[in-house]
Amino acid sequence: LIDNDMFVSLLATFGLSLLLQQVMNLIYGPEVQTIDSHFPIATMFDDFVTIPMVKVVSLILAAAFATTVVIFMKKSRMGQAIRATAQDARAARVLGINTDNVFAFTFSLNASICGVAGVLVSMIWVLQPFYGIVYSLRTFAIVTAAGLGNLPAVIGMSFALGWVEQYAGIIAGAEWQVAAAVFMLLGVLMWRQIQLRRQRQVVREHTELKFQEEMEVMRHRAAESDR
């Protein structure tokens with residue numbers, strides 16, 4: 001799959017996720033399971049506001065892990081090799097980067113990140129074999145909105161998506177939280193399409209203006225030669 005199109009890799013990834021979901025369903029069953037963390041719940045303003053400490057701990061761990069990944073990708077030699085390979089694998093190979101090792105390390109790093117994310121989610125939410133599609137949808141929306149390779153924007157967009165989902169859950173109900181991610185994705189895709197059309201229009205106008213200037217120069221030279 002390394003030398004194939006990204007669309008093929010995405011299809012293979014979704015197919016593998018469906019296979020793993022069915023395996024987990026056969027082993028653990030379709031029942032929803034929870035993990036009791038035994039963390040206390042803090043209250044404020046005469047019990048009007050409640051703050052589960054497990055969510056605070058999960059947020060701190062997620063922020064620390066995300067910061068570590070960002071620093072690793074920007075400062076380490078392997079992180080720079082991963083970014084170079086993501087931009088242009090052929091050019092990275094010409095410059096002496098072992099892209100096969102980079103692909104293998106990237107797969108291992110992504111598996112580790114997914115494992116950490118699964119542990120953090122299990123601390124604050126319920127577990128069920130078929131919940132992965134919801135997080136896949138959220139991940140796709142975040143990466144589409146932030147852009148590939150832009151880790152700070154991905155982190156910021158993750159917080160933005162969480163805020164949108166919680167706000168939609170309060171206003172419209174909990175069943176609209178996942179729908180909010182879909183609407184956000186559609187909005188981002190429409191906005192990017194509008195931006196691309198504007199850029200194409202600017203490029204087209206610039207090309208036409210340059211062509212007119214060249215034609216004017218040619219007419220001026222032709223007029224001078226006739227004289």
Side-chain angles (χ1 to χ4, degrees), residues 1-28 35 57-125 127-162 181 185 188-189 192 196:
L1 296 176
I2 293 177
D3 297 328
N4 291 326
D5 189 72
M6 184 181 295
F7 182 71
V8 178
S9 300
L10 289 175
L11 288 179
T13 302
F14 279 112
L16 183 60
S17 66
L18 293 176
L19 175 63
L20 294 176
Q21 288 176 4
Q22 293 297 332
V23 171
M24 289 187 293
N25 183 36
L26 292 175
I27 296 175
Y28 300 103
I35 297 176
V57 173
S58 179
L59 176 62
I60 294 174
L61 293 176
F65 187 73
T67 304
T68 303
V69 172
V70 171
I71 294 175
F72 171 79
M73 294 295 294
K74 289 184 175 294
K75 301 297 182 181
S76 68
R77 190 175 185 85
M78 178 57 74
Q80 294 175 357
I82 292 173
R83 294 168 60 191
T85 304
Q87 292 178 2
D88 194 333
R90 182 178 298 177
R93 194 179 297 112
V94 171
L95 293 174
I97 297 176
N98 192 338
T99 56
D100 292 335
N101 291 341
V102 170
F103 287 131
F105 182 85
T106 304
F107 181 83
S108 302
L109 179 62
N110 290 336
S112 302
I113 293 175
C114 291
V116 173
V119 173
L120 296 177
V121 169
S122 66
M123 294 171 60
I124 63 175
W125 199 239
L127 300 176
Q128 205 263 354
F130 301 102
Y131 276 175
I133 188 62
V134 177
Y135 295 102
S136 299
L137 176 62
R138 291 168 177 165
T139 303
F140 185 73
I142 291 170
V143 174
T144 303
L148 292 173
N150 194 353
L151 291 178
V154 168
I155 296 172
M157 189 56 61
S158 301
F159 282 102
L161 179 61
L185 175 60
V188 169
L189 291 176
R192 284 185 176 273
L196 287 175

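The figures that follow rest on heavy atoms only: side chains count, while hydrogens, waters and symmetry mates do not. These numbers were taken from a predicted model, which means no experiment stands behind them.
In this structure, the separation between CG on N110 and CD1 on I82 is 8.0 Å, given to the nearest 0.5 Å. For the atom pair M78 CE and I97 CD1, the distance stands at 9.5 Å (nearest 0.5 Å). From R93, atom CZ reaches atom CG of D88 across 9.0 Å, with rounding to the nearest 0.5 Å. From I71, atom CD1 reaches atom OG1 of T67 across 6.0 Å, with rounding to the nearest 0.5 Å.
Smallest separation of non-hydrogen atoms from S58 and L120: OG-O, 3.5 Å. Pairing each heavy atom of I142 with each of V154, the nearest pair is CG2-O, 3.6 Å. Taking both residues in full, the closest heavy atoms of Q80 and K75 are given as NE2-O, 3.9 Å, listed atom of the first, atom of the second, then distance. Residue M73 comes nearest to R83 through the heavy atom pair O-CD, 3.1 Å, listed as atom of the first residue, atom of the second, then distance.
In this structure, I113 and F65 have side chains that are in contact, with non-hydrogen atoms separated by less than 4.5 Å. In this structure, Y28 and L127 have side chains that are not in contact, with every pair of non-hydrogen atoms separated by 4.5 Å or more. Between F159 and L59 the shortest side-chain heavy-atom distance falls below 4.5 Å.
Checking side-chain atoms of T99 against main-chain N and O of V102 turns up no donor-acceptor pair under 3.5 Å. Of the possible polar contacts, none joining the N25 side chain to the Q21 backbone as a donor-acceptor pair under 3.5 Å is found.
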